[in-house]
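Chain naming here is simple, since letters A, B, ... match the order of the sequence lines and numbering starts at 1 in each.
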Amino acid sequence: MSISKTYQFNEVEDKWYSYWLEHKFFKSVPDEREPYTIVIPPPNVTGVLHMGHMLNNTIQDVLIRRARMKGKNACWVPGTDHASIATEAKVVAMLKERGIAKTDLTREEFLSYAWEWKEKYGGIILEQLKKLGASCDWDRTRFTMEPDMSAAVIDTFIHLHKKGLIYRGVRMVNWDPKGLTAVSDEEVIRKEVNQKLYYIRYEVAGSEDLGARIKDGAKSEVEGVRSEDSATRTPRPATSEAPATYITIATTRPETIMADSAICINPNDERYTHLHGKTVYVPLINRAIPVILDEYVTMDFGTGCLKVTPAHDLNDYELGQKHNLPVIDILNDNGTLNEKAAILIGEDRFAARKKIAVLLEEAGALEKVEDYKSQIGFSERTDAVIEPKLSMQWFCKMTEMAKPALDYVLNGEVKLIPEKYINTYRHWMENVRDWNISRQLWWGQQIPAWYLPNGQYVVAKTAEEALAEAKALTTDNSQLTTADLRQDEDVVDTWFSSWLWPISVFDGFKDPENADINYYYPTNDLVTAPEILFFWVARMIMAGHEFKGQAPFKNVYLTGIVRDKLGRKMSKSLGNSPDPIDLIGKFGADGVRVGMLLCSPAGNDLMFDESYCEQGRNFANKIWNAFRLVKGWEVSEELENPNQTAISWFKNRFNQATAEIEEAFKDYRLSEAIMAVYKLVWDDFCAWYLEMVKPVYQQPIDVQTFNATIGYFEEIIKLLHPFMPFITEELWHDELFGTRTAEDCCIVAQLPSIEEWNTQQLNHFENVKQVITEIRNTRNNKKLSPKETLDLSIKQSSDVNYEAYLPVIKKLGNIGNINFTEEKVIGAVNFLVSTDEFFIPLSTNVDAGAELLRLQKEKDYLLGFLKSVDAKLSNEKFVNNAKPEVIDNERKKKADAEAKLKIVEDNLKFLAN
RNA sequence: GGGAGCUUAGCUCAGCUGGUUCAGAGCAUCUGCCUUACAAGCAGAGGGUCACUGGUUCGAACCCAGUAGCUCCCA
């Protein structure tokens, strides 16, 4: 039988995934074992698998598989998120293609299209995750908008409303004029954009004739004055002696001047003291607005005069509130100007901006235009420029809920990994603002608020319950029927459902004392992106506290952002993201998993490059070939075991590595864990152990060595499994490891326990390795063939047990005879390992000159080293202050160096003779 | 503007409470090998003023201050 020289992952991956599913290894039901639970951050139904998912889910799968192999009842709950804004946008787009406008549909009709869309595309990511090997309990797959989940959302709304934590209010919200909905601050992406700063002149009215101006508003007169002004005056700071007839403001949004309620100046600004108490006219529409004073205005920004537009800017809104200014909203929901604008009605805000600039110019009110850079908010979902807009929204009070949620993190009940995020978290939670939970959409849970004809509202689960509530409000409502009630059109924010996720996936609302929730909650680890630390993680903690009295998880592992090797965030628009499924096809799921982990230090962004996956694939191939080697061995019962030292060394090394890996996992340093396994397998097992025990070509191996090797190999496969589930399962079932029952699978094998190891043997072997390396080096330097056998003499002074390793040195160094000597061997190549001297006699002469140079260099180094050690030891302050073990160490270093120096000096003397 | 973080080899990163021959790992590079497990490999080697400048200390990649550059969050 011939086995392929390279590992053919495509022939095994699907096979084993199906096998695991068939045998229900991913399935979890509560039992007497300790649970280990992860709930997946539910991907959007609109999404397709991207590199962020790959990273995130690889980590979750590694954790869950490892827990399973530690005997825990491992449960990974998968599911998807309904993503109201994104999905609604997709459905609207789909309908548009079919020639259907959303506005032509009833809510019910629209939702049936949306469900149709969700059924068709909503499961793509979950299917793709299977390719990666994700061992989710698929029977538990949930969706945030399925009936039970939605019921939980509605109940939560009612509950919090009853507690007074949900209220209705007019607020400045981030309005998405394309999505036609409010979005949260977190869904707004700020980008630096090149803009223009428009300097606009507002005419100042004399306070005495203000009445007349407003009364007749004579346009011709105003224009007459202005044209005269612009012809004769140049802009300059006004003085009290010669009051200017206009003031200039700077704005990036000239199209909003029609919504101005005031001009604000800093009371300390001496340039403008003459304007105190004055009135000015908005250009083009000539509406009179007051000049107000507030220290909020920065004197040295722009002209120091600020136009105040309460309807269209958050800061202006607050300023307007403070000064009791009217709110003039000139924009429609879709971003076009409405009749309140008086001019340019129906124009889009950006078209209006261009046109108004022309109008202002023509009217002589435009002083100048400058280039200007500033941060602009864009909708994460639709990429439309966010419009600050006043609207009636539902809010959830946060201050009260944030307090305990902050405490969980501060007192360590919930650990953030890495810890640096605690700062960010605290900052957010201490400056938390109320959560706008309403969205002007249909796809989502409809807000359970019902409006009465008289404008009052009640919050209730059904129309019937709402009617009862309504009747209870006042006796006037006794004649009401459900037909008189109108349910709020809006839905709740998607996060208002996903904050319940860790509870609702176990039906913790529907059936609060059920076996699942009691067993699996709180979950163990949450793996997610730091971007959603606040609006998902923090809120889950709030909900966990509110409804379960317990945080929903113990550890939150925050992954970095996957960037390309130039450091750019991977995105569709840049086209710099590889298709994960293609990657899996190219390098195998195991290879890609290893690749992801190799470059993913916890919490730091990772500069992804395909070469990491290549490294992962090569690693799989290495494992495969180690298997091929062992598989090819013939076993002989007759033979003695010549490999006892190697066997015992590897046992120690294995135990040490297992402990290292365990430590790395404890701190969630997964890239270190995978590297530790990588080196154990590649260096220790393949390059050293197998090379030591491998019989010469076509010779059989003794039983003991064979069995030990098979045993080690199996343990290694287990260690590898969480990282590389497919190749390990494939090898596990090979007859090399004996016959197995159908249920005896690597996925449920128990990881090796950590055992003690003998440090001394490991240290001694490090010396032996060095000896072998030096021998190989000698060959390299002298251009000797590896096939040519050499002899070796050892002049030992250390306590290393070389005797036991002589067969190893002979085999790996291709040494013929070894002897121990008390004398230096003249004319031989020599090298030093620790304080032991080694000699290799060669037929050719040693190059004395080169040798002299080498020894001299060595001597210089040792002298320098000794000098620094002596400096420390003769320093009184060092001897007095340093810890005793540090001082001992220095003494040992000194002794060591002196011994070596003596050897080197002797050799130099020898060479001289 | 406010806050957080980062800067160590060509690349990606370790470096725990300052003290082992403390400057490390993987990849990449270079040299030599098609040595029947593996060229997706083997055996070796060379790469660093630990961003910069000061300070604390017997001793600093590590602690402190300042400077520069980068990133993120909030306004």
Could you run through nucleotides 40-46 of chain B and give me one letter per nucleotide, 5' to 3': B if any protein heavy atom sits under 4.0 Å from the base, S if only the sugar-phosphate is that close, - if neither?
-> BSSSSS-
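With a 4.5 Å cut-off on side-chain heavy atoms, A:Y668 and A:P418 do not count as touching.
Residues from residues 692-699 of chain A lying near RNA chain B, meaning a heavy-atom separation below 4.0 Å, are A:K694, A:Y697 in numerical order.
With sequence neighbours excluded, no residue satisfies side-chain hydrogen bond (donor to acceptor under 3.5 Å, both in side chains) with A:R779. For A:E419, there are no salt bridge (charged side-chain N to carboxylate O under 4.0 Å, His left out) partners two or more places apart in sequence or in a different chain. For A:T773, the side-chain contact (heavy atoms from CB on, under 4.5 Å) partners two or more places apart in sequence, or in a different chain, are A:N777. For A:T728, the side-chain hydrogen bond (donor to acceptor under 3.5 Å, both in side chains) partners two or more places apart in sequence, or in a different chain, are A:H721. A:E672 meets the side-chain contact (heavy atoms from CB on, under 4.5 Å) test with A:A664, A:R669; sequence neighbours excluded. Looking at residues two or more places apart in sequence or on another chain, you find a side-chain hydrogen bond (donor to acceptor under 3.5 Å, both in side chains) between A:R628 and A:N625. By the side-chain hydrogen bond (donor to acceptor under 3.5 Å, both in side chains) test, A:T399 is found to be paired with no residue, residues two or more places apart in sequence or in another chain being considered.
In this structure, the nucleotide among B:rG26, B:rC58, B:rG5 sitting nearest to the side chain of A:F878 is B:rC58. Ranking B:rG26, B:rA37, B:rU71 by closeness to the A:D683 side chain, first place goes to B:rG26. In the set B:rA37, B:rC74, B:rC72, B:rC72 carries the atom at the smallest distance from any side-chain atom of A:R563.
Here the two rings, on A:F726 and A:F9, have centers that are 6.0 Å apart or farther.
In B:rG47 the O4'-C1'-N dihedral to the base is within 90° of 0, which defines a syn nucleotide.
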Short heteroatom pairs, N/O only, protein and nucleotides 11-13 of chain B, under 3.5 Å:
from   : atom 1 : to     : atom 2 : distance (Å)
B:rU12 : O4'    : A:Y612 : OH     : 3.1
B:rU12 : O2'    : A:Y612 : OH     : 3.4
B:rC13 : OP1    : A:D605 : O      : 3.2

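Mapping A:E890 and A:R628 onto RNA chain B by nearest heavy atom places A:E890 closer to the 5' end of the strand.
Across all strands, A:W428 comes closer than 4.0 Å only to sugar-phosphate atoms, never to a base (heavy-atom distances). Heavy atoms of A:F627 sit nowhere under 4.0 angstrom from any nucleic acid atom.
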Pairing of RNA chain B as dot-bracket, 5' to 3': ( ) intra-strand, [ ] crossing, | other strand, . unpaired, with Watson-Crick or G-U pairs under 3.5 Å?
-> (((((((..((((.....[....)))).(((((.......))))).....(((((..]....)))))))))))).
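The NZ-C1' distance, from A:K811 to B:rU35, rounds to 14 Å in whole Å. The distance from atom CG of A:L873 to atom P of B:rG19 is 17 Å, rounded to the nearest whole Å.
Legend: salt bridge (charged side-chain N to carboxylate O under 4.0 Å, His left out) pairs involving residues 688-698 of chain A, not counting sequence neighbours, sorted by first then second residue: A:E691-A:K694.
A tilted orientation is assigned to the rings of A:W624 and A:F627, their planes being inclined by 30° to 60°.
In this model, no donor atom of one side chain and acceptor atom of the other lie less than 3.5 Å apart for A:Q656 and A:T658. Side-chain contact, A:S798 with A:D836: a donor N or O sits under 3.5 Å from an acceptor N or O.
For the ring-ring contact (aromatic ring centres under 6.0 Å, His included) with A:Y712, the lone residue among A:F737, A:Y689, A:F685 that qualifies is A:Y689.
Between A:R433 and B:rA75 there is a side-chain N or O to OP1 or OP2 distance below 4.0 Å. Residue A:K5 places at least one side-chain N or O closer than 4.0 Å to OP1 or OP2 of B:rA39.
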